[in-house]
There are 2 protein chains.
Amino acid sequence: MRKGMLEYCIMLLLRRQPCYANDIIQRLHEAQMIVMEGTLYPLLSRLKRDGLLGYEWRESTQGPPRKYYVLTDDGQQALDQLDASWEEILRTVNILKIKE
Amino acid sequence: MRKGMLEYCIMLLLRRQPCYANDIIQRLHEAQMIVMEGTLYPLLSRLKRDGLLGYEWRESTQGPPRKYYVLTDDGQQALDQLDASWEEILRTVNILKIKE
DNA sequence: TGTTAGTACCTTGCGATACAAGGTATTGTA
DNA sequence: TACAATACCTTGTATCGCAAGGTACTAACA
């Protein structure tokens, strides 16, 4: 069921701070959402390609450099849209749960 | 984003009362969720095949008979599970929205 | 210096879901 | 009997997420 929620969750994360892939996996995991590498990388690439995310390389103290993703202005707007969609889904489910 | 929510929404509907396809489309529409015929019929067939739904034919006063779907006991249990998943998603999104 | 372990990034192939479009069948009415 | 309305269903396509596999850089150690 969490299908389609991933994009929203990742962008919510990036609204707070730039993250690289393993960051995202770990933070989502802490929030009870499991995401696989093979899911995440293509998704990040797509959001980058669509102009919703940018990234910058940062050195790591232990290992190869990391790609830190950040929300672009377009990404911020898209996220606002997703917030609205989320509210609508909340409304829909509440109607269906409460009705009668 | 509403991808994957459909199954849950339909089963919430059927928890209240038996419905046939156009019923479901209309009631979901009233709850702000658009669903296409070509999506609904295969989904209902799958849930039937998996034993989560049953159906009975009922005559209509205007037109051909209708297939009214109902939740089975297994369907009821599956729905309880989906309720739990939904609560978890709510928790996840709230964590990600509120954090910091 | 060469090897190994750890970290990080990415791709490919598969299954599942949803949509668009098109098709079949039954009923009532002109 | 022909047509419109209703209802059910199928096929082809795109997208998403997962499993598995692959490449590359860094550090530690023999």
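Hydrogens, waters and symmetry mates are skipped; everything else that's a heavy atom, side chains included, is used. Note on naming: letters A, B, ... go to the chains in the order of the sequence lines (proteins, then strands), and numbering restarts at 1 for each one.
Looking at residues 45-63 of chain B, you'll see Arg46(B), Gly63(B) sit with a heavy atom under 4.0 Å from some atom of DNA chain C.
Between Leu53(B) and Lys48(B) the shortest heavy-atom distance is O-CD, 3.2 Å. In terms of heavy-atom proximity, Cys9(B) sits nearest to Thr92(A) at SG-CG2, 4.2 Å.
Side-chain rings of Tyr20(A) and Tyr68(A) approach one another, their centers coming within less than 6.0 Å.
In the set dA20(C), dG17(D), dA7(D), dA7(D) carries the atom at the smallest distance from any side-chain atom of Asn22(B). Between dC9(C), dT6(D), dA18(C), one nucleotide has an atom nearer to the side chain of Lys67(A) than all others, and that is dC9(C). Closest approach to the Leu6(A) side chain among dC10(C), dG17(D), dT26(C) is made by dG17(D) (side chain taken as heavy atoms from C-beta onward). Checking dT26(C), dC9(C), dA7(D) against the side-chain heavy atoms of Tyr41(A) singles out dC9(C) as nearest.
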Evaluate the salt bridge (charged side-chain N to carboxylate O under 4.0 Å, His left out) criterion for residues Glu88(A) and Arg2(B): first the C-alpha distance (whole Å), next the side-chain angles of each, then the deciding distance (0.1 Å), finally the verdict. CA-CA 9 Å; Glu88(A) 192 166 305; Arg2(B) 27 185 289 286; over 6 Å; no
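Between the CG atom of Leu44(A) and the C1' atom of dC16(D) there is a distance of 14 Å, given to the nearest Å. Computed from coordinates, the Ile24(B) CD1 to dC8(D) C1' distance equals 13 Å when rounded to whole Å. The interatomic distance linking Met36(A) (CE) with dC9(C) (P) rounds to 17 Å, in whole Å. Per the geometry, CE belonging to Met1(B) stands 16 Å off C1' belonging to dA18(C), to the nearest Å. dC16(D) atom P lies 14 Å from atom CZ of Arg2(B), rounded to whole Å. Rounded to whole angstrom, the span from the CG atom of Leu82(A) across to the P atom of dC16(D) amounts to 12 Å. In this structure, Ile25(B) atom CD1 and dC9(D) atom P are separated by 12 Å, rounded to whole Å. Distance Leu40(A) CG to dC9(C) P: 9 Å, rounded to the nearest Å.
Using a 4.0 Å cut-off between a side-chain N of Lys or Arg and a carboxylate O of Asp or Glu, Glu59(B) and Arg66(B) do not qualify as a salt bridge.
For dC9(C), its base sits under 3.5 Å from the side chain of Glu37(A) at one donor and acceptor pair at least.
In this structure, Tyr69(B) and Pro64(B) both approach DNA chain D, and ranking their closest nucleotides by distance from the 5' end singles out Pro64(B). Taking for each of Arg66(A) and Thr39(A) the nucleotide of DNA chain C with the nearest heavy atom, the 5'-most of the two is the partner of Arg66(A).
The environment of Gln32(A) atom CD is dense: over 12 non-hydrogen atoms of other residues, nucleotides or ligands sit within 6.0 angstrom.
Nucleic acid contact class of Pro42(A) (heavy atoms, under 4.0 Å, all strands): base.
For the OP1/OP2 pair of dA8(C) and a distance below 4.0 Å, the side-chain nitrogens and oxygens of Tyr20(A) include at least one atom meeting the criterion.
With hydrogens and angles left out, the side-chain atoms of Lys67(A) and Tyr41(A) include no donor and acceptor closer than 3.5 Å.
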